[in-house]
Structures are given as structure tokens and as C-alpha cells.
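Before any comments, here is the structure.
These numbers come from a predicted model, not from an experiment. Letters A, B, ... mirror the listed sequences (proteins, then strands); counts begin at 1. When reading the values below, keep in mind they use all heavy atoms of this one structure, side chains included, and skip hydrogens, waters and symmetry mates.
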Number of protein chains: 2
Amino acid sequence: MAEDRLSLVFGALADPIRRAILIRLTEGEATVAELAAPFDVSQPAISKHLRVLEHAGLVSRSRRATARLSRLEAEPLREVTTWLARYQRFWDESHERLDELLAALQARQDDDARHGHG
Amino acid sequence: MAEDRLSLVFGALADPIRRAILIRLTEGEATVAELAAPFDVSQPAISKHLRVLEHAGLVSRSRRATARLSRLEAEPLREVTTWLARYQRFWDESHERLDELLAALQARQDDDARHGHG
DNA sequence: CCGTTCCAAAACCAGATGGTTATAGAGTAG
DNA sequence: CTACTCTATAACCATCTGGTTTTGGAACGG
């Protein structure tokens with residue numbers, strides 16, 4: 001344990017069921033039973049996933065009668081996006097590299113064409 | 001196994017050492033020894049981390065003499081950012097909620113002040 | 001050819017993770 | 001109170017993960 005927040009958030013997002021839960025929660029609060037319905041896993045399994053999401057700060061919880069409502073908390077996702085922003089120039093650069101490559105290939109084809117036909 | 005790409009990428013990012021390796025690679029290609037230097041772990045541990053990063057598509061590898069060079073591949077990070085973009089409106093909304101809360105508190109304080117002072 | 005350098009693979013281990021079933025608890029309805 | 005509903009907890013299990021040490025292999029330098 002003693003894990004940093006970023007690791008907790010990335011770890012929470014590394015599971016397809018947990019990501020699907022987050023997507024469902026963008027439509028509004030939901031009970032455990034509602035969140036469990038789409039998946040072929042037991043209720044305790046969903047409860048565990050919710051605990052992971054809550055621990056990462058991605059979900060907050062409240063009660064309504066006997067049910068527990070989960071609510072999306074998107075703030076950690078903003079932090080993650082901020083962390084990712086530093087790499088933006090690198091995928092921009094890889095696009096530039098790709099553009100260069102395509103330009104080079106095009107130039108070579110043009111060159112081949114000239115030598116071949118002329 | 002049989003894991004989807006997004007899970008692989010998030011999983012790869014869920015480890016502080018791997019994130020630090022990615023940050024180091026933004027400065028340019030590096031050997032395994034160079035990547036291992038800042039950390040108090042063995043060389044095979046770093047090799048394993050690199051395999052995880054490579055498997056997630058975040059790193060590509062080449063040779064130079066006996067050394068293996070790792071290079072940052074940021075494309076998967078763009079995909080992750082795209083996935084995260086859908087939540088942007090939710091952290092925007094939570095800011096709105098916070099603003100509303102602060103406004104409500106302010107209004108109540110003003111109200112209390114009026115009643116309290118006359 | 002031979003040693004050295006740099007790294008990967010193998011074998012192993014402790015602890016985390018994701019799942020299960022069975023049980024307990026909190027709240028509501030009657 | 002009782003019974004019922006919804007969910008959490010407990011106990012257990014298999015597998016994954018991140019680490020280790022040891023061994024093996026590929027490519028240069030002499």
C-alpha cells in the first residue's frame with residue numbers, strides 16, 4: 001500500500017468492468033444492483049470494484065433507503081489528463097515524423113516515376 | 001490475458017517506476033542501464049517494466065552495439081486522453097457544483113449577517 | 001578466439017487482485 | 001418486533017505482479 005493517488009487512479013482504470021461502471025455513472029447515480037446488472041459477476045465482486053473506485057476518489061457514495069448510491073467524481077480524471085498533457089507534444093511529433101515519412105515516400109515514388117518513365 | 005489495449009495502457013501507467021521511465025524517455029532514447037540508474041531495483045526488474053511498457057505500445061526498442069535502446073511511443077497516451085475526454089464535462093460540472101455551493105454558503109452568511117446585526 | 005559488457009530468461013517468492021460462496025448487518029415495510 | 005431487501009464482510013482460491021538471484025546469450029574490443 002502507501003500508494004500515490006496517480007497509481008491508484010490508473011490502477012482503477014485498468015479494469016474494463018470499472019471503466020464500464022464509470023461510463024454508466026455518467027448517466028447519473030446508481031445502486032450496486034443496477035451497476036452489477038450488465039455483468040456476469042457476483043454482487044460482492046461489484047462491491048469490491050466500487051471500493052477500488054472509491055479509494056481512487058473516482059466515486060463517492062451515499063444511501064437511499066437500504067440501497068447505496070454511487071456517484072461519479074471526475075476530479076481525479078482531470079489530474080490524470082493533466083499528467084498526460086506533458087506527452088501531447090510527443091504524439092504531435094510522431095505525427096510530424098509520420099508526415100515526414102509520407103513526404104519522403106512520396107518524393108521517392110515521384111523520383112522512381114521520373115527515372116522509370118523518363 | 002486477452003486484455004484490451006486500454007487496460008494494458010492504464011495498467012502500465014499504474015506503476016510509479018514505469019511512469020518515471022516514460023518521463024525519462026521524453027528526454028530521448030535510453031539504455032536499460034540508464035533507465036535503471038535512478039531506482040533501487042535490480043536490472044531484471046527494469047527489464048520487466050520495459051516489457052510491460054512495450055506490450056502496452058508505450059515503448060519501442062532497438063539495438064546499439066550490445067545495448068538495447070528504448071524509445072517513447074506516445075500514441076497510446078493519445079488514445080487514453082481521448083477516452084478521458086468524455087469526462088471533461090463532469091469535472092466542469094463539479095466545478096459548477098462547487099461554485100453553486102460557495103454561492104449558497106455566501107448567501108446564507110449574508111442572510112445570517114442581516115438577521116444578526118439588525 | 002576470448003573476455004567483457006549489456007541485457008534477457010529462468011526459477012522462485014510474497015503479496016496484491018479478481019473472483020467465488022456464505023454470512024452478517026443496516027434500513028424499511030408491515 | 002418481524003420479515004424482507006440491499007449491500008458489505010469474511011473466508012477462501014487461482015492467478016497476476018513486482019521483486020529477487022542466478023544463469024545464459026548477443027555483440028563488440030583487444
In whole angstrom, what separates [X]'s [atom1] from [N]'s [atom2]?
X	N	atom1	atom2	answer
A:Ile46	D:dC6	CD1	C1'	14 Å
A:Leu8	C:dA16	CG	P	13 Å
B:Glu3	D:dT15	CD	P	16 Å
A:Phe10	D:dT17	CZ	P	17 Å
B:Leu69	C:dC6	CG	P	13 Å
B:Leu50	D:dT17	CG	P	16 Å

How long is the gap from [atom1] on [X] to [atom2] on [Y], to the nearest 0.5 Å?
X	Y	atom1	atom2	result
A:Thr31	A:Ile46	OG1	CD1	11.0 Å
A:Leu53	A:His49	CG	NE2	8.5 Å
A:Gln88	B:Leu77	CD	CG	10.5 Å

Protein N or O to nucleotides 20-23 of chain C N or O, pairs below 3.5 Å:
residue : atom : partner : partner atom : Å
C:dT20  : OP1  : A:Ser42 : N            : 3.4
C:dT20  : OP2  : A:Ser42 : N            : 2.9
C:dT20  : OP2  : A:Ser42 : OG           : 2.5

Under a 3.5 Å cutoff, is there a donor and acceptor pairing between the side chains of A:Arg19 and B:Ser7? yes
**Asked** Are A:Val52 and A:Val59 in one and the same hydrophobic cluster, where Ile, Leu, Val, Met, Phe, Trp and Tyr link if side-chain heavy atoms are under 4.5 Å apart?
**Response** no
**Study point:** same_hphob_cluster(A:Leu58, B:Leu6) at 4.5 Å side-chain heavy-atom cutoff
**Key:** yes
- prompt: Quick check: does any side chain N or O of B:Arg86 sit under 3.5 Å from a backbone N or O of A:Ile23, one acting as donor and the other as acceptor?
  reply: no
So, the side chain of A:Arg68 versus the backbone of A:Ser47: is there a donor-acceptor pair under 3.5 Å, distance only? no
| Salt-bridge present (B:Arg78, B:Glu75; N to O < 4.0 Å) | yes
Expected list for residues 18-37 of chain A near DNA chain C, using heavy atoms below 4.0 Å, is A:Arg18
Margin query: Any base atoms under 4.0 Å from A:Ile17, or only sugar-phosphate, or nothing? Heavy atoms, all strands.
Written below: sugar-phosphate
- Message: For a 4.5 angstrom cut-off between non-hydrogen side-chain atoms, does A:Arg71 reach A:Ser62?
- Response: no
Note to self: Can you see if the side chain of A:His49 gets near the phosphate of C:dG19 - specifically, an N or O under 4.0 Å from OP1 or OP2?
What the structure shows: yes
- Below 4.0 angstrom from OP1 or OP2 of D:dA8, is there any side-chain N or O of A:Ser47? yes
Whether each nucleotide of nucleotides 24-30 of chain D has a protein heavy atom under 4.0 Å at its base (B), only at its sugar-phosphate (S) or at neither (-) is summarised, 5' to 3', as --SBS--
- Where does the angle between the aromatic ring planes of A:Phe10 and B:Phe10 fall among parallel (under 30°), tilted (30 to 60°) and perpendicular (over 60°)? tilted
